[in-house]
Amino acid sequence: MARKKSSPIGGQAVLEGVMMRGKKSMATAVRNPDGKILLETCRLGEKKWWEKIPVLRGFLNFFITMISGSKILMRSAEIYGEQLEEEPASKFEKWLAKTFHVEVMTIASVIGVVLGLALAIGLFVIAPQHLMDFAILRIPGAKEAIPYVVQNLIVGIIRILIFVAYIGFASLMKDIKRVWMYHGAEHKTISCYENDLPLTVENVRTQTTKHDRCGTNFMMIVMIISVLVFTLATSWLGGLKTIYKVLIKLALLPFVAGLSYELLKFMAKFDNWFVRILKAPGLLMQKLTTKEPTDDMIEVAITAFNKVLEMDADESIPTVKFDIKKAYDRCRTEVVSLLSKCEEKETLADWIFTSVVGCTRSELPMLKTITESAYENAVKIAKEVAKGAPLQYALGDTEFYGYTIKVTTDVLIPRPDTEQVVEKALEFVSAESKVLDLCTGSGAIAIAIKKEKDATVTASDISEPALEVAKKNAKENSAEIEFIHSDLFEKIEGAFDLIISNPPYVSKEDMLTLPENVKKEPETALYGGEDGLDFYRRISVDAPSHLTEKGVLVLEIGCNQSESICQMLSSWADCETFKDYNGLDRIIVAKKRG
């Protein structure tokens, strides 16, 4: 038998585009409504053990290809039908998302695949058998006169006729016609490569739209093999009920698909009169499933094919994704459903979307679509918050005194109450001041003071991971600050005009009643000893020697700690307590007495 050159790359037509799949990578090229060719690529995993086992590999490949093909088709539909996504989610879709906590579009995709499988089984397995059994029962003497073998052959012929009719009617649809044209572009491009011609529009245009390894060939082989296998499997069992015949055929489908796959691979490698006879039904069927493409369709197919060639040859080439717009309303529905067990879920959703989109809360109601990357980021953040992570940790940053501060689990999340502490401290700071921020954590206080007054600022913390976060924040905010790894005043030298601190001040008893999300923050930044006053005792002892003659100490405190702390400081300072927005004691200003 004459062996034929076979391309290692196969393909699939999608809406307004083509997917090409090689040995190590896959690329989908789609022309968007603006006429631009968009690319999405991915790397394929290592070959599995079962890919070397005949028949088994055929069925599993068929099953996996069906799933991945459906996903790719949906991806291309998102580009081609982007304008449709502005429609708001229905009440039913919102209920599904809230109940099952999954993406609305994912639910629609799964339902579509399930309905598609049900339609295929109904049309090509149940209907032919039911029609035959119905006719046998209605025609006098037919059941005895027509052998079971002949009955099963007739069922197979009915199945093939239904399949051809189905493809024929589908071809009447405008969008399907364009898919068939892209199907032709895919075949022409692969044939051009197999004929050792440069991949140009001119060369590709001259090729045939038919191809040996087409999925249409595979389906026709499946139809023919199923006739033989089903006939052999059910004829000897005699007069089974329709339901049992259907179940037997469904059970045999994996074997039929695997056997058909092996036959298709065999036929694709050879070109002689015998193989041509075997190929004839599938190639004839391709007259319905492929059409002559336009030059711009050929360009799309070439783009996908070349990208796979490049990526298979060079594993360092990065993958890319489509820049797809998603309906904000639908994305929000999913995020809110993920946050369904959280308090103030709508407010949380607002902050998540303002972060990933980069807009204000007042602008959210005006959003129609958001980018896919923003959507994926929002879902990721919502899932973390749903698991109990504080919103700021999930977002990765927070706003403090008008500045963006990155936060990790190594640092305490800056609170609005601390902004009031900074505001009070700024009353005593000028550009000539030297300021020390004890227990700096994220560096939020030190950065705010430096940016507002351009004073000389030093910040310290006992936690090295916290200092790393603070240094990054200072760099991001262009704030020149000296950071020192120190346990309070241990490594601090010199005197300062202002010392400010928000030390750990939660008592042992209060630690037990903290909200669950607060417990996610570092204990070393919260726990202040048995009564919550351990750090204030140490600060009250060492602060005087590190303050200038008229220096000021500003402390953030717990709401019931003012009297005790003022008593500690009374020997060397005049103290005054200030309340927060909730009317609770929050700030102590201690002025050193001369």
Side-chain angles (χ1 to χ4, degrees), residues 14-17 28 30 32-34 36 38-42 67-68 70-113 318-342 344-387 389-398:
V14 297
L15 288 176
E16 294 302 316
T28 304
V30 175
N32 70 4
D34 296 329
K36 182 180 178 182
L38 305 182
L39 262 175
E40 181 161 278
T41 62
C42 70
I67 294 175
S68 63
S70 297
K71 290 181 178 178
I72 293 165
L73 195 62
M74 292 297 294
R75 291 290 290 169
S76 68
E78 289 186 87
I79 294 289
Y80 182 53
E82 198 171 276
Q83 65 274 15
L84 301 178
E85 291 219 87
E86 294 187 10
E87 296 178 9
S90 66
K91 290 182 179 180
F92 176 66
E93 289 174 324
K94 291 180 179 180
W95 177 81
L96 285 174
K98 182 178 180 180
T99 303
F100 298 103
H101 306 294
V102 292
E103 181 191 355
V104 172
M105 286 76 81
T106 299
I107 294 172
S109 299
V110 171
I111 291 175
V113 170
T319 59
V320 294
K321 294 191 70 175
F322 289 141
D323 181 21
I324 294 175
K325 301 292 184 182
K326 288 187 169 288
Y328 169 67
D329 180 80
R330 291 171 180 267
C331 294
R332 186 181 178 89
T333 296
E334 181 179 357
V335 167
V336 171
S337 74
L338 291 170
L339 300 169
S340 60
K341 295 183 180 179
C342 302
E344 300 183 337
K345 58 185 179 183
E346 294 288 346
T347 301
L348 287 172
D350 280 353
W351 287 120
I352 289 173
F353 280 108
T354 57
S355 175
V356 300
V357 176
C359 66
T360 63
R361 288 183 74 182
S362 62
E363 292 172 327
L364 287 177
M366 294 179 283
L367 286 179
K368 294 296 183 183
T369 62
I370 63 174
T371 64
E372 185 175 46
S373 59
Y375 153 74
E376 291 174 347
N377 198 13
V379 169
K380 179 183 176 183
I381 292 169
K383 287 180 178 178
E384 290 181 22
V385 174
K387 291 178 182 177
L391 175 63
Q392 293 86 346
Y393 284 161
L395 293 175
D397 59 45
T398 188

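With contacts defined as side-chain heavy-atom distances shorter than 4.5 Å, the pair Leu339/Val385 qualifies. Contact check for Thr360 versus Thr354: no side-chain heavy atoms found under the 4.5 Å cut-off. Taking 4.5 Å as the limit, every side-chain heavy atom of Thr371 sits out of range of all side-chain heavy atoms of Ile324.
For Phe353 and Tyr328, the gap between ring centers is short of 6.0 Å.
For Lys380, the salt bridge (charged side-chain N to carboxylate O under 4.0 Å, His left out) criterion is met by no residue, not counting sequence neighbours. Evaluation of the salt bridge (charged side-chain N to carboxylate O under 4.0 Å, His left out) rule for Glu376 yields Lys321 as partners, not counting sequence neighbours.
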- Item | Stepwise side-chain contact (heavy atoms from CB on, under 4.5 Å) test for Thr28 and Leu39 | CA-CA 6 Å; Thr28 304; Leu39 262 175; over 6 Å; no
- Verdict with supporting geometry, Leu15 and Val30, side-chain contact (heavy atoms from CB on, under 4.5 Å): CA-CA 8 Å; Leu15 288 176; Val30 175; over 6 Å; no
- side-chain contact (heavy atoms from CB on, under 4.5 Å) between Glu334 and Val336, intermediate numbers included: CA-CA 5 Å; Glu334 181 179 357; Val336 171; over 6 Å; no
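The minimum heavy-atom distance between Lys326 and Cys331, with the atom names listed, is CB-SG, 3.6 Å. Residues Ala378 and Val356 approach most closely at N-CG1, 3.9 Å, considering heavy atoms. Summarising the geometry of Ala349 relative to Val335, their closest heavy-atom pair is CB-CG1, 4.2 Å, with the distance given to 0.1 Å. Across all their heavy atoms, Ala386 and Cys342 have their closest contact at CA-SG, 4.1 Å. Nearest heavy atom pair, residue Thr319 against residue Cys42, reads CG2-CA, 3.8 Å.
Between the side chain of Thr41 and the main chain of Val320, a donor-acceptor pair closer than 3.5 Å is present. Between the Asp34 side chain and the Lys36 main chain, no donor and acceptor come within less than 3.5 Å of each other. At least one donor-acceptor pair under 3.5 Å links the side chain of Glu40 to the backbone N or O of Phe322.
With values rounded to the nearest 0.5 angstrom, Lys325 atom NZ is found 5.5 Å from Thr369 atom OG1.
Listed by first and then second residue, the salt bridge (Lys or Arg N to Asp or Glu O under 4.0 Å) pairs involving residues 352-367 are Asp350-Arg361 (not counting sequence neighbours).
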